[in-house]
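Written below as structure tokens is the structure these notes are about.
A note on names: the letters A, B, ... follow the listed sequences, proteins ahead of strands, and every chain is numbered from 1.
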Amino acid sequence: MSGNHSAYNKMGTIICALIGAVWALPFVWMITASLRPDSGGADIASLIPQWPLSVGYFQDALIYADWGTLYRNTIIFSVGILSAQLFSITTAGYVFAFVPFRGRELVFRLFLVQLMLWPIVLMVPNMVTLKSLGLLDTLLGAMLPYMASAFGIFMVRQAFRSVPKEMIEAAQVEGANLLHIFILVLLPAIWPTLLAFSIVSLTTHWNEYLWPLMVLSDMDTHTLTIGLVSFTTSAESGAEWGLIAAGTLLVCLPITLTFVLFQKHFISSFGFTQYK
Amino acid sequence: MSSVRLNNVAKHFGAAKIIQNLSLAINDGEFIAVVGPSGSGKSTVLRLISGLEPVTEGTIQIGPRDVTTLHPKKRNVAMVFQNYALYPHMSVERNILFGMKIRKESREAQRKALSRVVEILHLEGLLKRKPRQLSGGQRQRVAMARAIVRRPELFLMDEPLSNLDAKLRNEVRLSIMELHRKLKTTTVYVTHDQVEAMTMADRIVVLRDGIIQQVGTPQELYQTPANLFVARFIGSPAMNIIDIACENGSLRLPNGLKVPTPAFVKPALNQARTVRMGIRPEHIILASEGQADDQGSGLVSLAGTLSTVEMLGSDIVLHTTGGSNGLRVRVANHGVPYASGDTTRLLLDLSKAHFFSAEGKERLC
Amino acid sequence: MSSVRLNNVAKHFGAAKIIQNLSLAINDGEFIAVVGPSGSGKSTVLRLISGLEPVTEGTIQIGPRDVTTLHPKKRNVAMVFQNYALYPHMSVERNILFGMKIRKESREAQRKALSRVVEILHLEGLLKRKPRQLSGGQRQRVAMARAIVRRPELFLMDEPLSNLDAKLRNEVRLSIMELHRKLKTTTVYVTHDQVEAMTMADRIVVLRDGIIQQVGTPQELYQTPANLFVARFIGSPAMNIIDIACENGSLRLPNGLKVPTPAFVKPALNQARTVRMGIRPEHIILASEGQADDQGSGLVSLAGTLSTVEMLGSDIVLHTTGGSNGLRVRVANHGVPYASGDTTRLLLDLSKAHFFSAEGKERLC
Amino acid sequence: ATRIDFMFPSPVQGKLAKEMTTIVTEYNKSQSEVEVRGIFTGDYDTTKVKAEAAAKAGNPPALVIMMANLIPDLAINGFIAPIQTLARHANVDADTFLAEEFWPALRQNASFSGEAYGIPFHNSTPVMYYNKTMFNKMGIEPPTTWAEVVEAAKKIANPDQGRWGIMLPSVNTDYCGWILSSLVMANGGQYYNSKYPGEVYYTAPTTVGAMTFWRDLVFKHKVMPQGVLTPNTISSTFFAGQLGMAFLSTGALGHMRENSKDFELGVAFMPQKVTRGVLIGGASLVTFKGISEEQQKAAWKFMSYLTSPEVSGRWSRFTGYFAPRMKAYDLPEMKQYLTQHPDAKTALDQLKYAQPWYSTYETIAVRKAMENNMARLLNDPNLKPAEAARAAQNEADEILAPYVEKTALQLP
Amino acid sequence: MLKRLHILLLAPSAALLFLFTYKPFFQAVIESMYDSRATSSGQFVGLANFVRLFDDPAFMAAVINNIIYVVFTVIPSLIIGLFFALLLKENSRANRWLRSIFFFPTLVPLVAAAALWSFIFLPGVGLLDHYLSVFIRSSHHNFLGQENTALTVLIIISIWKYSGYYMLFFLAGLQSIPDDALEAAHIEGASPWQGFYHVTLPLLRPTLTFVGTIALVYSFTQIDHIPAMTNGGPGHSTTVLLYYIQTITMESQDLGKAYAATLCTVVGLFFLTWLNNALLDSGVDYER
Ligand SMILES: Nc1ncnc2c1ncn2[C@@H]1O[C@H](COP(=O)(O)OP(=O)(O)OP(=O)(O)O)[C@@H](O)[C@H]1O
Ligand SMILES: Nc1ncnc2c1ncn2[C@@H]1O[C@H](COP(=O)(O)OP(=O)(O)OP(=O)(O)O)[C@@H](O)[C@H]1O
Ligand SMILES: [Mg+2]
Ligand SMILES: [Mg+2]
């Protein structure tokens, strides 16, 4: 929609800005709290930063874990999964969207079962499988079960289906083979969807905890969240809010930074250019 | 370039029989125009030839190859889609060069080809835009450019100029003709524009409800339409049709006027009881004072009143009532002021008339 | 029905200034045709009036209301989009009735209105289909139906008939005119079809690069084009343009021929050094043997050779070379066989000619 | 060198994981026969899950720091092996080792069916923390009995200003059960049958009494907020100076000390009723079945190192837990530490009154049966403690039934 | 030949799914018919586990809680996500920032989010009570500790976390809708709401089906904040199905019962997604 709804749009923006302020509260607090000199005291809840800012909690957090290794492993883990997924979901999504074969719907539904089964329930059998593959305790092993994603296949199929047929036809007539159509026409056409999936997959696996904890025993294969938990658990004492905030920030930071840096590119591919 | 043969082709969409038993042989290098009313199956024919739509029955050959079940990409045709079908995410330039790119043609060749079509279609300055930033006519030109940038065996064009203004259309039309003269690429061209069909085509195919009505050169179609449908469809304003009763040796017009059957039509009409006569608006003359009938040589005059006067610029179309009820007459715009309500006398040149059987299915002469 | 006023309207897309300082007053009940080359901003003007595009500068009034910032739904206009913009998920029937349904008009009214437009646009049997099951022309007719089923204050139609065949287009055109006669709804009609513009419009607006070139009745535009652009744009085949040098009292044609300046053009030309003369193809006659010049009254003859012969059915367009280099001549198709290479003599009627300033910006007479 | 897997959780704070890694690295460097792979396993619960999962996947860990009251459960389910399987390689008798070297109160939790299945590693008891500054200001003495607790709390509490007299953690992560059973003991009762893992005494008058005491703090005396309280809530309120007393673990000592900024922290014994009673908490080292002889040998070596007085003392000083190995307190460093931190001594002194941690068949579920009903009791002013106790007992009995049938009721 | 290629394309996914989904799933089906407790030495018990399951009041509480949780997370977060998407679909700078803000919660692990929110809802000293005290009056709400509010808090967190996430998919979906149809609707007098209801929404149905399914699945599976914040308590008031299953799996050896509960949940979820698809996907025009 374009046109004289700019007034409407402005109003929408203002409404969203108000809601956005509420939405952002936890973050604002997280940042102020992480920069506070101590997390006790009555005004810990205040959103106003306490001067002078202190990086004490970050220092603590940095000492508690081997962040270099943790970051490296997390990047391998999440980016590796994403790369494999991008391949598997686009190809499978293509088949489910465009290739008719007997029982397609059934096979598709069967694929979807994966969405509904959660790792914790299947953990032991999966570890047994990994063990028999000799992949227990390796990053690759930890990544393997995620490399096929019903979620992604579903999403890509749905997106492919709404690509106008004529575009594919035009390409066919121009002599494009399957690969051409796939790479040059279909993938760009569902680019926002792929991007959405990528962000989601990346963050999900970046933030994954239980499964890596279960299958990764070597310290030098540990991922960030395992490190985070190592200093934010507090079963018998009380929470060090500042430390939790700092740690959480450190875990989310790279992905958040990437996101903010490329915000314009990421997020604008989900929007309509002004001139349409 | 290749010849194309459609052998008893049929296409059904579910229960709807869109194309029925269609056979057509297109010669190597020929330029064929396909015309017909909206929904008559023109686009479908192109889609069948290109392979985008599988045929329900029959076979299709391009050159020596039977391509009936061949994938579109292997048919080596270029097509202009009626609704353009541009790639929304690619710039105009990439849209145009897509086909060459996937054929891995050299950059140099691409550059050259691009600059050639850009010139023909006046796409200067639009190359970096996305399709949604273009006007309707610009989009259509991009679609056209995308087709003619390549050198396929066969061009399929579905109303490629419908959204262009007369001047540009004329230019592009001439460029296409030029191109065709140079390359001699077999072309199937769907159009609603009679001028295009008449001037560009070696032969015209008239389609109606998925059935071919006539195939012939523009002259043939204009001069000897095979049936009433073709007669009325070709030419604008459409041919006047008059129901006529044949009564031993003379023809009776609906207003009662009787004229002796001219000798040259006698043999064809002598069996018929009633016939339908067609006469083109440009073959009716406004009789000047004193100009007389010559019923023997087929000049018949009718009195009438002008009901509507349509100024078309260079021409004027007059609609008449009265004895000449419903006839349309086309005269050149020489500045003579016609007004509705004027009475006039029309001279019909029966030697230029066409006679069809009562149901209109058949040409008598 | 309402009048429409555009006051100094401008529209920019980013840096591109698509419409510049456009002012136009459309009277209540008027039928305005907008013509212009592809990309000249015709659709944009409609979108500005409808409110789909916010204006960059200026104001728009519909009737007494200033609608410049009003939401489209409050402007009560009906629009036929150039690309149809049908609702892909609704059947043809629901597409057509959507607007009435939203206005909660009675079922009865809907039924009636539907059957009326279905008849006008020959949509029988298509009502249950989805848009993607329609041919191009059928889609366009649905788009048209969707607009005329309602009774808005203003019709905006963007090339609504471009994909229809001549016969149907003619019919629909007459129906629209009929409708307009009955309802007198103000209409802005974009078209590339000169016949439509000439026959339907009360006034025609000629647009070029977002700037109005001329506004006038069809006759005015045809007979007294305001500048060279309009002269060449209106009329098909386009007007012939000849560069002429004015030398004390006489005109020198490019081929060297000198003719005395006819009296009736003298006052206008006496300042100019060079002028550009335009003469329409229909105002050039093929001189029959012995027919003479009459330079005083402005009849000039030129010798030439036919280069191309274009058969248009009812007409023939002749392109010439030689002394009359590049002139187009239009003659009626009376069956005379012209062939390229024939030599001929052309009679130009200077009294029908148009004279423009050297840069073509201005009409001299 | 023989490789063994050693899983350790981080029950208190991240520092611990780091320190444990250091200990493991130092050990690996100090000798070449054993190579210990230290595996951080999150909190106590995930440690259990991970160890079990690894065992089921065919990768049993050699040593695990496991919540001490899970030992019977793990033993019954056949995951862990008696310590003797390790000790025999060094010709040591595990039971004697346990009996002679460790605080008596810890022994029972390390054994099952009279056999040592674990070696205590670090332990804690609940203590009472209080805001000394506040007490001084109001002229209150730290309470030593339940009655005094109520009295002091009433003086302090002012719900309108968000100030509370006392808070007891009631989350169902073991904390609630731990504190409640301490209260039951103070009330002179038995929370469970320490000789037989198939019985709990949830409906015993002493238990109901403890529950009533707790409930009354909320609904009758209104000195404690309604609903479940987490240690986070309690410590945060405490640090904000809005809380008089809290019953929390000695394991939280360091944290409490560090964050009590605006006032002075007081640490005292858990108040008594009939007796002083506190419960031992903490973790023991266990060994999983299915490791090789070599690994068993290596595991014993590493275990000996970890439980040596030096390491045990070091760990205690670092964490705030008390060291289970008695000899640790004979070391000069330890003596010095205790003089420096007299409040750390409170935990140690309390050990005299400490009793074993409850542990039954399906410990967690049985524990939760009570904890969830406590939560209801603290939420619902109309629920009678006896009803909640009854419900808890029924749930627990249901869980215990199959075991009871197979053992106590299986008669010749 | 082409067919084979397509099978080849599906093969990697299928193999992985087989290995890590179906195989363990079938094991689970089988296991659900064995008693795995130490007291039974793993004998076949048929449907006894299911019987025990349905006798367990905790399970029943979990079912009810789950229904409440699903209804009150899925519907609001879909609506809010769609609302954001619609309001922010134009690509202005302000909108981009707002989109980022709404999307941020997705970047935070649920466990970490739980920690942040635990603080917000901390009685007395937490963010909410703090500002309530500052602006209104002294406040002490034990939101997470009370049976009647704990689930609400969890629901709020879930909505906060996932609305922005669904917004992203809606934005992507909105992009594939031809604008001109909506323009036509406005011309025809449709208000923004009517345009949305009659044009955007139907054309958005494929996306809606997708997001709906995902939201359903998420509302069952994304519950990391429950163990982190309430442990299913107070009482059973925040025990949902997966948490129930998790606790059994993690805390006891009663796997048979856990698998039985899993199967019941999967069947229920399957039914719900089927319902969702049937409601939203029927008669959708994918081809355009
Ligand atoms: N989003 C846009 N960004 C930049 N330029 C645009 C955009 N939309 C349209 N234009 C340009 O504005 C000019 C006017 O477009 P408009 O669609 O009004 O032309 P038109 O007169 O309707 O042409 P046609 O007859 O081809 O439909 C064109 O040159 C077009 O390229
Ligand atoms: N998918 C479909 N299902 C049913 N009927 C269809 C389908 N596609 C096309 N048709 C019908 O087939 C007929 C021929 O369509 P086609 O597009 O070939 O017409 P056309 O001659 O190109 O018309 P136009 O000049 O209007 O573009 C039309 O009546 C159309 O309604
Ligand atoms: Mg067509
Ligand atoms: Mg346009």
Side-chain angles (χ1 to χ4, degrees), chain B residues 13 35-44 82-84 122 126 133-141 158-159 162-170 192-195 198-199 218-219 222-223 232-238 280-283 310-315 317 330 332-335 352, chain C residues 13 35-44 82-84 122 126 133-141 158-159 162-170 192-195 198-199 218-219 221-222 232-238 280-283 310-315 317 330 332-335 352:
Chain B
F13 282 119
V35 300
S38 171
S40 58
K42 304 180 294 296
S43 301
T44 307
Q82 190 167 9
N83 57 357
Y84 321 150
H122 298 291
L126 302 178
Q133 296 173 309
L134 299 179
S135 79
Q138 288 163 342
R139 285 179 208 182
Q140 193 166 42
R141 283 181 275 154
D158 202 348
E159 304 190 25
S162 62
N163 270 325
L164 304 186
D165 56 283
K167 187 154 161 276
L168 189 57
R169 187 188 307 207
N170 224 23
H192 284 313
D193 186 322
Q194 304 243 347
V195 174
M198 296 303 254
T199 55
Q219 288 289 357
Y222 182 76
Q223 281 163 9
R232 276 202 282 211
F233 193 79
I234 299 288
S236 169
R280 298 203 179 272
E282 54 270 29
H283 295 153
E310 269 183 358
M311 251 293 301
L312 306 186
S314 49
D315 296 296
V317 176
R330 196 168 87 153
N333 180 2
H334 287 300
K352 296 253 172 60
Chain C
F13 282 121
V35 301
S38 171
S40 58
K42 303 180 294 296
S43 301
T44 307
Q82 189 168 10
N83 58 355
Y84 320 149
H122 299 291
L126 302 178
Q133 297 172 312
L134 298 180
S135 79
Q138 287 163 343
R139 284 179 209 185
Q140 194 166 41
R141 283 181 276 154
D158 201 348
E159 304 189 27
S162 62
N163 271 326
L164 304 186
D165 58 283
K167 187 153 161 278
L168 189 56
R169 187 186 309 204
N170 226 22
H192 284 313
D193 187 319
Q194 305 242 345
V195 173
M198 295 305 252
T199 54
Q219 287 289 356
L221 258 63
Y222 183 74
R232 278 201 283 211
F233 194 78
I234 300 288
S236 171
R280 299 205 178 273
E282 53 270 31
H283 295 150
E310 270 184 0
M311 249 296 299
L312 305 186
S314 49
D315 297 294
V317 176
R330 198 170 87 153
N333 181 1
H334 288 300
K352 296 256 171 57

> Where on B:E159 is there a heavy atom nearer than 4.5 Å to chain C: the side chain, the backbone, both, or neither?
Replying inline: side chain
> Is chain B contacted by the side chain of C:A166, its backbone, both, or neither, given a heavy-atom distance below 4.5 Å?
Replying inline: both
>> Please give me the minimum heavy-atom distance between B:R169 and C:H192, naming the atom from each residue.
In response: NH2-CB, 4.1 Å
> Hey, which of C:N163, C:L168, C:V195 has the most heavy atom pairs under 4.5 Å with chain B?
Replying inline: C:N163
>> Taking side chain as everything from C-beta outward and backbone as N, CA, C, O, which of these in B:P37 sits under 4.5 Å from a heavy atom of chain C? Side chain, backbone, both or neither.
In response: both
>> Below 4.5 Å, heavy-atom pairs only: which of C:N170, C:L164, C:T199 has the largest tally toward chain B?
In response: C:L164
>> Using a 4.5 angstrom heavy-atom cutoff, name the option from B:Q82, B:K167, B:R280 with the most pairs to chain C.
In response: B:Q82
> Taking all atoms of both residues into account, what is the closest heavy-atom pair of B:R141 and C:S38, and its distance?
Replying inline: NH2-OG, 2.6 Å
>> At a 4.5 Å cut-off on heavy atoms, which part of C:S162 comes close to chain B: side chain, backbone, both, or neither?
In response: both
> Rounded to the nearest 0.5 Å, what separation is found between the CG atom of C:D193 and the CG atom of B:D193?
Replying inline: 8.5 Å
> Checking B:Q219 against chain C: side chain, backbone, both or neither under 4.5 Å from a heavy atom?
Replying inline: side chain
